[in-house]
Amino acid sequence: GSGNDDDKGGHAPDKLGKGEGKVNIIAWAGYAEDGSNDPKVDWVHPFEKKTGCQVNTKTAGTSDEMVSLMKTGQYDTVSASGDATLRLIASGDAAPVNTKLVPNYKDIFPALKQQPFNSKDGRMYGIPHGRGANLLMYRTDKVTSAPDSWRAVFDDAARYDGHVTAYDSPIYIADAALYLMSAKPSLGIKNPYALDQKQLDAAVALLKKQHQAVGEYWSDYQKEITAFKGGDSVIGTTWQVIANLTKAEKAPVKAVLPKEGATGWSDTWMVSAKAEHPNCAYKWLDWIVSPKVNAQVAEYFGEAPSNRKACAETAAPDHCAIFHAADEKYFQRVHFWTTPIKQCLDGRKDTDCTDYAQWTRAWTEVKG
Amino acid sequence: MRISRTARVALGCVTAAGLAIVYVPLLLVLLNSVNTDRSFGWPPSGLTGRWWRAALHSEGARQALLTSLKAGLAATAIALVLGTLAAYAVHRHRFFGRRTVSFLLVLPIALPGIVSGIALNAAFRTVLDPIGVGFGLFTVVVGHATFCVVIVFNNIGARLRRIAPSLAEASADLGARPWQTFRYVTFPAMRSALFAGGLLAFALSFDEIVVTTFTAGPGTRTLPIWIYENLARPHQAPVVNVVAALLILASVIPVYIAQRLSSDTAGGRL
Amino acid sequence: MPAAPTPGSRLRLTALLAPPLLWLTLAYLGSLAILLLSAFWTTDSFTSDVVHTWNTDNFHELLTTPVYRTIALRTLSIAVAVTVVDALLALPMAFFMARVAGRRWRRPLLVAVLTPLWAGYLVKAYAWRVMLGENGVVGAALAPFGLHGPGYGTTAVVIVLAYLWLPYMILPVYAALERLPERMLEASADLGAGAWRTLRSVVLPVVRPAVLAGSVFTFSLSLGDYLTVQIVGGKTQLLGNVIASQVTLDLPMAAALSAVPVVLIVCYLAAVRRAGALDSL
Amino acid sequence: MQTQARATTRTGPAVRLEAVTKDFGTVRAVDAVDLTVHEGEFFTLLGPSGSGKTTLLRLVAGFEQPTGGRIELAGDDVTGTPPNRRDVHTVFQDYALFPQMSVEQNVAYALTVRGVRKAERLARAHEALTTVRLDGFAARRPAELSGGQRQRVALARALVDRPAVLLLDEPLGALDLALRQEMQTELKELQRTTGITFLLVTHDQDEALTMSDRIAVVRDGRIEQTGPPVEVYERPATAFVAGFVGTTNLLRGEAAVRVVGRPGTYSIRPERILLTDPAEASAREPAEGSARQSAESSAETSADGRRTVTGRITDIVHAGAHTRFTVMLPYGDRLIVHRQNLTGLPESARPDGEIGLSWDERDAFPVPS
Amino acid sequence: MQTQARATTRTGPAVRLEAVTKDFGTVRAVDAVDLTVHEGEFFTLLGPSGSGKTTLLRLVAGFEQPTGGRIELAGDDVTGTPPNRRDVHTVFQDYALFPQMSVEQNVAYALTVRGVRKAERLARAHEALTTVRLDGFAARRPAELSGGQRQRVALARALVDRPAVLLLDEPLGALDLALRQEMQTELKELQRTTGITFLLVTHDQDEALTMSDRIAVVRDGRIEQTGPPVEVYERPATAFVAGFVGTTNLLRGEAAVRVVGRPGTYSIRPERILLTDPAEASAREPAEGSARQSAESSAETSADGRRTVTGRITDIVHAGAHTRFTVMLPYGDRLIVHRQNLTGLPESARPDGEIGLSWDERDAFPVPS
Ligand SMILES: Nc1ncnc2c1ncn2[C@@H]1O[C@H](COP(=O)(O)OP(=O)(O)OP(=O)(O)O)[C@@H](O)[C@H]1O
Ligand SMILES: Nc1ncnc2c1ncn2[C@@H]1O[C@H](COP(=O)(O)OP(=O)(O)OP(=O)(O)O)[C@@H](O)[C@H]1O
Ligand SMILES: [Mg+2]
Ligand SMILES: [Mg+2]
């Protein structure tokens with residue numbers, strides 16, 4: 001059916017009832033720790049104790065997996081990134097959220113509220129959880145020029161032939177688009193997530209060229225860390241947390257936010273339109289962005305918390321500084337992941353933009 | 001055939017080299033389980049026992065192990081029953097389409113896990129979901145049992161080919177009813193094959209990840225899934241190494257027992 | 001000898017066959033049918049919802065987009081390469097184990113070959129990732145000879161897949177070699193054949209079905225793998241990866257893509273069955 | 001239920017087959033066989049490989065169902081009855097001992113499945129083992145026995161609950177000669193003392209002749225002749241029987257006219273031919289009236305009904321108890337002569353020697369071909 | 001290399017074993033055996049199961065290496081030579097045909113491995129197949145042949161390049177009697193026409209006696225006696241040989257004194273004993289001087305060197321060519337008597353009849369025990 005039906009996706013509740021005793025969660029690894037991996041890292045059990053809602057967690061590896069898991073209707077809530085949220089909203093799998101029922105919502109950084117990747121028609125479809133930028137990381141011993149531009153991994157990629165790395169997802173096309181915004185203004189790209197066919201083709205051409213110099217595409221921490229540690233990758237995109245961990249393992253790496261700015265992600269806890277346990281889901285939403293828990297998650301996962309009070313709760317006093325949590329200037333340069341759709345997100349009406357399916361096929365072609 | 005000394009030595013060297021290659025990565029896993037680094041790495045930067053301590057206290061690993069054991073045992077049990085029945089039908093009867101049965105039984109293991117996985121996923125969603133059966137341990141067991149059947153089928157089939165049919169006849173001849181024949185004669189003769197087949201089926205289920213990914217429900221986390229999730233997580237990789245190391249060490253026992261029990265050549269057949 | 005059908009045995013046969021066949025049909029063939037059927041549907045490009053309108057767009061796209069052909073061919077060659085590597089490794093190893101090593105050594109050797117099956121597929125793949133890395137064990141071992149490790153890429157994929165599936169090849173070959181009557185080898189020598197000749201004329205024909213049986217595993221497991229590729233494949237993508245990336249997004253397309261390995265494997269199995277190798281599985 | 005079967009009064013012969021036919025696909029293994037085995041009889045099915053002997057036995061045991069005809073045991077129609085409900089036991093060619101059970105457990109098996117109490121079971125198993133002289137072997141496994149011992153365990157197992165009929169499928173086939181002869185004597189003895197009906201299958205004519213009360217010669221799924229050993233041997237109904245049961249000189253067509261003196265097919269057993277001096281042979285008086293002395297015949301018939309002929313010895317083989325002479329007659333016919341190794345061999349019984357042969361006219365008996 | 005071997009002038013017997021010993025762990029399978037097989041001879045190793053016959057053959061073929069001693073082929077020491085470099089071929093008991101090759105390919109194998117051209121190879125394979133009368137079967141697989149046919153393929157395969165020595169390990173063991181006898185004749189014929197040295201292993205005395213030029217009787221890894229069949233049969237060197245080669249009445253201790261008239265161990269072949277009327281027996285004149293007529297003896301020796309005795313018949317079995325009588329002598333000794341089924345049986349030769357037995361004194365020959 002069509003994704004634009006307003007009735008789809010159900011309605012936000014006006015008030016909460018008693019907990020159903022259970023909640024099924026889809027989360028990124030590290031977002032819903034119950035101490036089973038490390039007894040010290042546990043914010044699920046306190047939640048269960050407090051609310052009586054038993055938590056079942058399914059860890060998803062990619063945004064796409066989250067979308068398909070949500071479609072099963074077995075889950076109540078999901079920590080969706082911007083490249084998944086719009087799809088969930090459009091398909092009616094996610095319900096609007098009544099932020100009044102989430103007391104901690106008021107402390108969320110305003111810059112995260114009512115964003116294109118978490119709202120529609122002025123209604124919030126979730127509670128922002130945390131954010132981060134896709135940085136440029138390089139090995140200081142192999143890359144001596146101290147790059148400050150994405151040019152290093154695009155037009156200059158051949159210099160590090162076979163040792164360039166990139167994020168393994170169609171959304172990475174946006175990184176190329178972002179670079180083209182400044183490198184080739186003639187293309188007229190205004191929003192890296194709103195590309196018409198011509199712009200997409202240009203991005204894909206750039207990525208195909210980059211492909212020749214790429215050593216590998218990464219999709220998880222472990223791969224990225226070992227690649228930089230071992231020297232298989234010397235330059236490429238990264239997350240702040242990976243950079244920190246790689247440094248902790250004594251690898252000579254440095255991560256920068258290049259002058260063109262960067263893509264990034266901002267995760268949102270959404271509620272399923274078919275949620276069987278909506279009350280517990282709301283309780284979870286409030287719990288996970290409460291200052292203390294938000295701080296815990298942000299530190300464990302390595303991201304900027306969404307609750308401004310969380311900065312006071314972190315174990316490492318400079319966590320918020322390192323991750324630029326309150327640095328709105330920093331995040332102004334970050335274009336958060338948004339699902340590309342047919343209607344151009346930059347407001348163009350004269351042309352159709354390419355959608356995520358096209359991006360996916362383009363990405364398959366880039367990788368060859 | 002007389003194999004020259006040189007050839008023997010050469011073959012021995014190839015085998016030794018082969019085994020060395022087989023074991024180097026496993027040794028690396030062992031080594032990494034005491035490596036101070038948080039991620040896989042070479043060379044190790046120092047030795048520590050903290051991962052072992054962490055692993056032994058990891059509730060998640062324990063839970064996952066338990067889930068895997070449950071799934072493996074259930075799948076193996078189903079496979080044992082179905083595989084034995086099928087083997088009996090194919091090796092003790094003549095009927096039209098006999099060879100097609102073996103062909104069909106091989107399919108689930110021969111087709112790529114991802115195909116089986118998404119097929120089962122699609123089927124469960126369209127059939128089970130509407131009747132209120134959600135994804136969970138049950139669906140995992142169904143998926144695993146499907147590709148484990150052929151393992152049991154092959155093992156029992158190989159054994160049946162070697163058990164003289166006259167044994168069962170002798171039993172009937174001496175007045176035994178069919179179930180008595182099964183209990184006193186056929187089952188004892190098949191026991192070791194059942195064990196070997198069951199063990200291999202269990203091993204297969206125990207290490208399966210792709211089909212599991214697509215058939216597991218929320219909160220159903222088998223050991224491979226746990227490993228997969230935790231490998232992608234910076235804090236956990238060393239603990240995964242410990243778990244893997246433990247598995248390697250523990251697996252020698254069942255494999256050895258299986259070898260002993262089946263005086264049969266290869267002990268198990270795939 | 002299988003008994004001829006009589007009324008009683010027919011009843012028993014039905015009782016024997018019904019449960020496994022029902023299971024197979026309901027749980028597996030039914031699922032496959034549903035999957036292949038859904039290849040004829042399409043997906044709403046934005047919501048990823050399946051649109052139940054019958055069409056052959058997916059297959060059309062599959063056949064007309066060159067990149068899919070490239071990937072299918074690459075996957076096929078990797079599967080073939082893995083199978084060949086495994087056969088080349090398994091033959092001498094199995095031969096040594098079954099025919100050269102003393103009787104006492106057979107069981108320990110077999111245990112040694114089988115044990116890694118339990119070690120966890122992912123863990124082993126990651127271990128290889130470390131070994132094949134720039135500063136890994138493989139590089140270090142090759143350095144004195146002035147050689148480089150293969151790095152991450154298709155070569156690495158072949159190596160690691162071959163490593164992972166090796167036991168699946170050794171086992172049937174070993175079993176076949178062990179069953180080969182000593183008499184055959186003696187007869188050959190007796191008639192004047194040297195070791196090589198005997199290998200070629202007597203041993204190889206007997207081992208062939210076993211290799212084929214083993215190849216069912218090495219070939220089909222390689223054909224569908226996508227995790228190993230993610231771990232050591234560098235920028236390589238195989239059919240499995242494409243299916244995996246499509247499955248959450250566009251199930252009908254993934255289903256259409258799945259038809260490729262299904263067709264390949266069914267053809268392969270049919271060929272192997274003709275050679276009588278399914279019995280030596 | 002076996003006890004019941006035994007309790008009913010016997011109303012017929014131990015085994016009766018009426019027009020029994022068995023097809024395997026297109027192969028007719030048994031072809032309209034009628035057969036009656038009397039109670040207490042030692043009956044043998046003798047025939048070449050593939051003639052359908054085993055199939056017949058399996059039909060009686062109930063492992064196969066006939067395509068047509070009916071099978072009776074002790075007068076009861078058992079045509080559809082499964083093996084476990086027939087009062088017959090089988091001794092299999094490969095013995096089919098249960099490998100995981102001890103000798104004792106094997107022997108007691110028929111009692112175990114009938115739920116006989118342990119004490120009685122053991123007592124009767126030991127009794128059966130004593131009968132076959134294996135009482136010291138109760139605890140061993142079959143794998144720890146020699147071929148002959150296994151054979152006896154199989155026998156004890158089949159005898160333990162005294163079935164009405166014992167079926168034996170080439171029970172001695174796997175043994176070597178010395179052991180086979182020993183076991184033949186034992187089997188016969190056992191049958192005598194137990195009084196059980198034995199139905200034995202063999203392709204060994206010596207075995208059939210020395211052990212049986214009656215023999216049925218099987219060929220291509222049909223029975224060619226049934227009768228006591230002497231009858232089958234001395235008066236074979238067909239040329240096939242003559243050739244299969246014992247060695248024979250078969251003479252047909254011209255050869256028959258020349259040697260026997262009449263057209264037709266005749267069989268002369270090699271041991272029925274006497275070697276004599278050629279002089280002696282020609283000295284014999286021809287029979288009165290030369291009607292019997294045909295022109296083409298190379299032999300003569302004397303007055304006392306003995307036929308004589310001379311020939312040349314082409315081969316002499318000392319076969320232990322007897323010597324086998326191959327004698328070439330004029331016109332190229334060849335006769336095999338067996339002579340027990342006693343004294344008094346004629347002078348000329350040496351390679352290439354001229355020799356006389358003589359036999360009672362009645363020993364050259366006609367056989368339908 | 002085989003052609004070379006054949007080209008060298010033969011300097012010794014076809015096969016010679018000198019003090020050859022073979023141990024398997026603690027089992028001594030072959031124990032210091034000396035053996036010479038002459039060129040063109042049909043030599044047979046005869047012995048019971050487990051006596052070491054196969055091991056001896058395998059030592060000659062080169063499949064096993066002796067623990068001690070030396071082995072010569074045609075005068076060359078081949079003790080360390082591998083099988084493929086010895087000019088001998090083996091016909092295995094289970095034939096060991098290559099299942100994946102056609103009959104033709106099997107037969108041509110020895111030529112193929114020597115690189116003989118295809119045309120010649122095929123020609124010679126067909127020649128060999130013709131020799132064994134299987135020329136129409138070239139294209140079949142072994143699985144499509146009957147037992148007897150397979151046996152002949154194995155033979156053709158071993159004969160195709162005319163080895164100096166052919167080794168045969170119970171080649172007829174798996175065949176049924178009729179086929180076995182037929183194949184015996186064929187084998188013997190083949191050996192005669194080809195002139196190849198045959199070394200045959202068997203446990204069948206008939207086979208050994210009828211086919212061989214010389215026999216070696218093997219027991220427990222040692223050779224008990226070597227000689228032509230007649231000699232081994234008529235003059236067995238040991239009681240074991242007497243018992244194993246043919247049926248015999250062995251008399252020891254008291255029985256010997258009573259029956260033979262002297263202490264010691266004696267063997268009397270059952271076919272050497274004549275059945276006579278008891279009256280006739282007692283009418284015989286005792287020998288002059290009663291030294292030979294001992295008090296305990298139940299038998300008497302007549303002047304013409306025949307010994308007579310009377311007994312009671314306890315069992316008569318018609319065994320086809322001969323009848324077997326079991327005669328109980330006074331004092332409980334039992335004699336087996338074989339009598340060729342000819343006319344002129346004494347009146348009293350019926351169950352329980354009183355009968356006279358007589359034999360030439362020389363037929364009761366002493367055997368070392
Ligand atoms: N189960 C079966 N299926 C098909 N054909 C069979 C089967 N059993 C026997 N036959 C065929 O029936 C015929 C008779 O076989 P049977 O085994 O009764 O012979 P036999 O006289 O016992 O021979 P042997 O002495 O070799 O044991 C043969 O031609 C055989 O091939
Ligand atoms: N490979 C072996 N390992 C150990 N013992 C062996 C081996 N081969 C033979 N023997 C032993 O050597 C002895 C002689 O065996 P062999 O096979 O030569 O006897 P055989 O005379 O051929 O007997 P059969 O007539 O049963 O074939 C036996 O005791 C046997 O158990
Ligand atoms: Mg038979
Ligand atoms: Mg032997």
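Every chain is numbered from 1 and lettered A, B, ... according to where its sequence line falls, protein lines coming before strand lines.
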Check: Val90(B) main-chain N/O paired with Arg98(B) side-chain donor or acceptor under 3.5 Å | yes

Any chance you could measure Met97(C), atom CE, to Glu178(C), atom CD, to the nearest 0.5 Å?
-> 9.0 Å

Ranked by heavy-atom pairs below 4.5 Å to chain C, first place among Ala89(B), Pro112(B), Ala119(B) goes to Ala119(B)

Could you tell me which of Pro261(C), Ala27(C), Ala15(C), Ala112(C) has the largest number of non-hydrogen atom pairs under 4.5 Å with chain B?
-> Ala112(C)

For Phe214(B), does its backbone N or O pair with a side-chain atom of Asn121(B) as donor and acceptor, under 3.5 Å?
-> yes

SG of Cys148(B) to CZ of Phe206(B), rounded to nearest 0.5 Å, is 13.0 Å

Kindly say whether Glu186(C) contributes a backbone atom to a donor-acceptor pair with the side chain of Asp190(C) at under 3.5 angstrom?
-> no

So, the part of Ile34(C) with a heavy atom under 4.5 Å from chain B: the answer is side chain

With a 4.5 Å heavy-atom cut-off, do Leu88(C) and Met93(C) have their side chains touching?
-> no

For Thr139(B) and Thr215(B), does a side-chain donor sit closer than 3.5 Å to a side-chain acceptor?
-> no

Reported CD1-to-CZ distance for the pair Ile265(C) and Phe219(C), which is rounded to 0.5 angstrom | 6.0 Å

Approximate separation, where rounding is to 0.5 Å, of Ser102(B) OG and Leu269(C) CG | 11.0 Å

Most heavy-atom pairs under 4.5 angstrom with chain C, which of Val14(B), Val240(B), Leu104(B)?
-> Leu104(B)

Heavy-atom proximity to chain B below 4.5 Å, by part of Leu24(C) = side chain

Which region of Thr146(B), side chain (C-beta onward) or backbone (N, CA, C, O), has a non-hydrogen atom less than 4.5 Å from a non-hydrogen atom of chain C, or is it both or neither?
-> both

Name the member of Ala87(B), Pro108(B), Ala123(B) that forms the most heavy-atom pairs with chain C at distances under 4.5 Å.
-> Pro108(B)

Using non-hydrogen atoms and a 4.5 Å limit, figure out which bit of Leu22(C) sits close to chain B: side chain, backbone, both or neither.
-> neither

Heaviest contributor of heavy-atom pairs below 4.5 Å to chain C, chosen from Ala244(B), Ala203(B), Pro178(B), Ala250(B), is Ala203(B)

Among Ala101(C), Gly120(C), Ser188(C), single out the residue with the greatest number of heavy-atom pairs under 4.5 Å to chain B.
-> Gly120(C)

Toward chain B, the part of Val266(C) with a non-hydrogen atom under 4.5 Å = both

Side-chain (Lys124(C)) to main-chain (Val22(B)) donor-acceptor, under 3.5 angstrom = no

What part of Ile78(B) lies closer than 4.5 angstrom to a heavy atom of chain C: side chain, backbone, both or neither?
-> side chain

Donor-acceptor side-chain pairing of His144(B) and Thr212(B) below 3.5 angstrom = yes

Considering only heavy atoms, which portion of Leu239(C) lies under 4.5 Å from any heavy atom of chain B: side chain, backbone, both, or neither?
-> neither

With a 4.5 angstrom heavy-atom cut-off, could you sort out which part of Ile243(C) is near chain B: side chain, backbone, both or neither?
-> both

Under 4.5 Å heavy-atom distance to chain B, tell me which part of Tyr163(C) shows up: side chain, backbone, both or neither.
-> side chain

Sort Tyr268(C) into side chain, backbone, both or neither according to what part of it lies under 4.5 angstrom from a heavy atom of chain B.
-> neither

So, the part of Leu223(B) with a heavy atom under 4.5 Å from chain C: the answer is neither

Could you tell me whether the side chain of Glu208(B) and the main chain of Val211(B) form a donor-acceptor pair under 3.5 Å?
-> yes

Report the distance from atom OG1 of Thr222(B) to atom CG of Leu65(B), rounding to the nearest 0.5 Å.
-> 10.5 Å

Region of Ile170(C) in contact with chain B, defined by heavy-atom distances below 4.5 Å = neither

Of the options Leu238(C), Leu164(C), Leu221(C), which is the one that meets Thr228(C) in a side-chain contact (heavy atoms from CB on, under 4.5 Å)?
-> Leu164(C)

Among the listed options Leu247(B), Val149(B), Val142(B), the residue most often paired with chain C at heavy-atom distances under 4.5 Å | Val142(B)

Residue from Leu122(C), Leu29(C), Val100(C) scoring the most non-hydrogen pairs under 4.5 Å with chain B is Leu122(C)

Chain C heavy atoms under 4.5 Å from Ser116(B): which part of the residue, side chain, backbone, both or neither?
-> both

Side chain, backbone, both or neither of Leu32(C) within contact of chain B (heavy atoms, under 4.5 Å) = both

Given that the side chain runs from C-beta out, which part of Gln246(C) has a heavy atom under 4.5 Å from chain B: side chain, backbone, both or neither?
-> neither

Ile118(B), part contacting chain C, at a heavy-atom distance under 4.5 Å | both

Taking atom types as modelled, is there a side-chain donor on Tyr226(C) or Gln230(C) under 3.5 Å from an acceptor on the other?
-> no

Under 4.5 Å from any heavy atom of chain C - which part of Phe153(B) | neither

Check ion pair Glu182(C)-Arg99(C) (N to O, under 4.0 angstrom) | yes

Examine whether an atom of Thr115(C) lies under 4.5 Å from a heavy atom of chain B, and if so say whether it belongs to the side chain, the backbone or both; otherwise answer neither.
-> both

Looking at Ser258(C), Gly224(C), Ser220(C), which has the largest count of heavy-atom pairs under 4.5 Å with chain B?
-> Ser220(C)

With only heavy atoms counted, which part of Leu105(B) is less than 4.5 Å from chain C, the side chain, the backbone, both or neither?
-> both

